[in-house]
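For the single chain, residues carry numbers from 1 onward in sequence order.
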Amino acid sequence: MARLTQDDKARNEAAIRAAMERILSGNLPPGGKADLKTLAALAGVTRTGFYPKPNRDGTVRPGAYQHLAEEFERRLRELQDAGEILDPRVAQIERLKKENAELKRRITARDEELTKLSGFKTLAISRLAAQHDEIMRLREQAANGENVRRLPASSNRTAPFGSCN
């Protein structure tokens with residue numbers, strides 16, 4: 001594998017910084033996240049440069065761009081701690097969680113209203129049935145002439161309950 005020249009490394013660092021600014025400003029590519037994978041893809045570098053490498057003697061050396069990865073993660077954490085959500089999917093998840101909670105609240109309220117209306121309907125039907133039974137009983141009683149006296153028809157048909165004068 002060819003070693004990077006200082007010019008290549010400087011160009012890559014500039015590309016990584018530009019990609020970092022793009023991601024941290026919230027300008028993510030479609031399907032991208034605010035993470036190192038997207039950072040590497042936007043900058044056109046391999047992700048392995050962001051991570052430490054083991055030497056043959058067992059020691060660990062920093063990755064070529066590890067300092068930029070640490071800076072990126074630090075700045076990302078600061079923005080998230082400040083309440084800014086960069087990842088549109090995270091924002092969408094938060095929005096959907098709020099929407100879901102609101103819909104659950106509305107469903108609960110609607111269920112309570114339906115329960116009240118069902119009780120009212122049952123009461124209204126039972127009252128109508130009782131009134132119907134009473135009307136039928138009174139009609140039968142009137143038809144049989146049992147202790148029922150008919151009132152004379154009013155002579156003033158326009159004002160059945162008497163005049164208001």
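- With sequence neighbours left out, the side-chain contact (heavy atoms from CB on, under 4.5 Å) criterion links R127 to L123.
- Remark: D35 pairs with no residue by the salt bridge (Lys or Arg N to Asp or Glu O under 4.0 Å) rule, at least two apart or across chains.
- Within the model, atoms OG1 of T46 and OH of Y51 stand 10.5 Å from one another, a figure rounded to the nearest 0.5 Å.
- With rounding to the nearest 0.5 angstrom, the CG atom of L79 is 12.0 Å from the CD1 atom of I23.
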When the side chains of residues 104-113 are checked against the rest of the protein, which donor-acceptor pairs come out under 3.5 Å, sequence neighbours left out?
{"unit_1": "R105", "atom_1": "NE", "unit_2": "E102", "atom_2": "OE1", "d": "3.2"}
{"unit_1": "R105", "atom_1": "NH2", "unit_2": "E102", "atom_2": "OE2", "d": "2.6"}
{"unit_1": "T108", "atom_1": "OG1", "unit_2": "K104", "atom_2": "O", "d": "2.9"}

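- Between E140 and R137 there is no salt bridge, since no side-chain nitrogen of the basic residue lies less than 4.0 Å from a carboxylate oxygen of the acidic one.
- Under the rule for a side-chain contact (heavy atoms from CB on, under 4.5 Å), R56 has no partner lying at least two apart in sequence or in another chain.
- Taken to the nearest 0.5 Å, the NZ atom of K9 stands 9.5 Å off from the CD1 atom of I16.
- Taking D133 as the reference, nothing meets the side-chain contact (heavy atoms from CB on, under 4.5 Å) condition, with sequence neighbours excluded.
- A side-chain donor from one of D57 and T59 sits under 3.5 Å from a side-chain acceptor of the other.
- Minimum heavy-atom separation, F72 to A34: CZ-C, 4.1 Å.
- Listed by first and then second residue, the side chain to side chain donor-acceptor pair (under 3.5 Å) pairs involving residues 66-75 are R17-E71, E21-R75, Q66-E70, R74-E78 (not counting sequence neighbours).
- For E99, the side chain to side chain donor-acceptor pair (under 3.5 Å) partners two or more places apart in sequence, or in a different chain, are R95.
- Remark: R139 engages no residue in a side chain to side chain donor-acceptor pair (under 3.5 Å) (not counting sequence neighbours).
- The side-chain contact (heavy atoms from CB on, under 4.5 Å) check on P29 picks up R22, T38, L42, with sequence neighbours excluded.
- Not a single side chain to side chain donor-acceptor pair (under 3.5 Å) links S126 to another residue, sequence neighbours left out.
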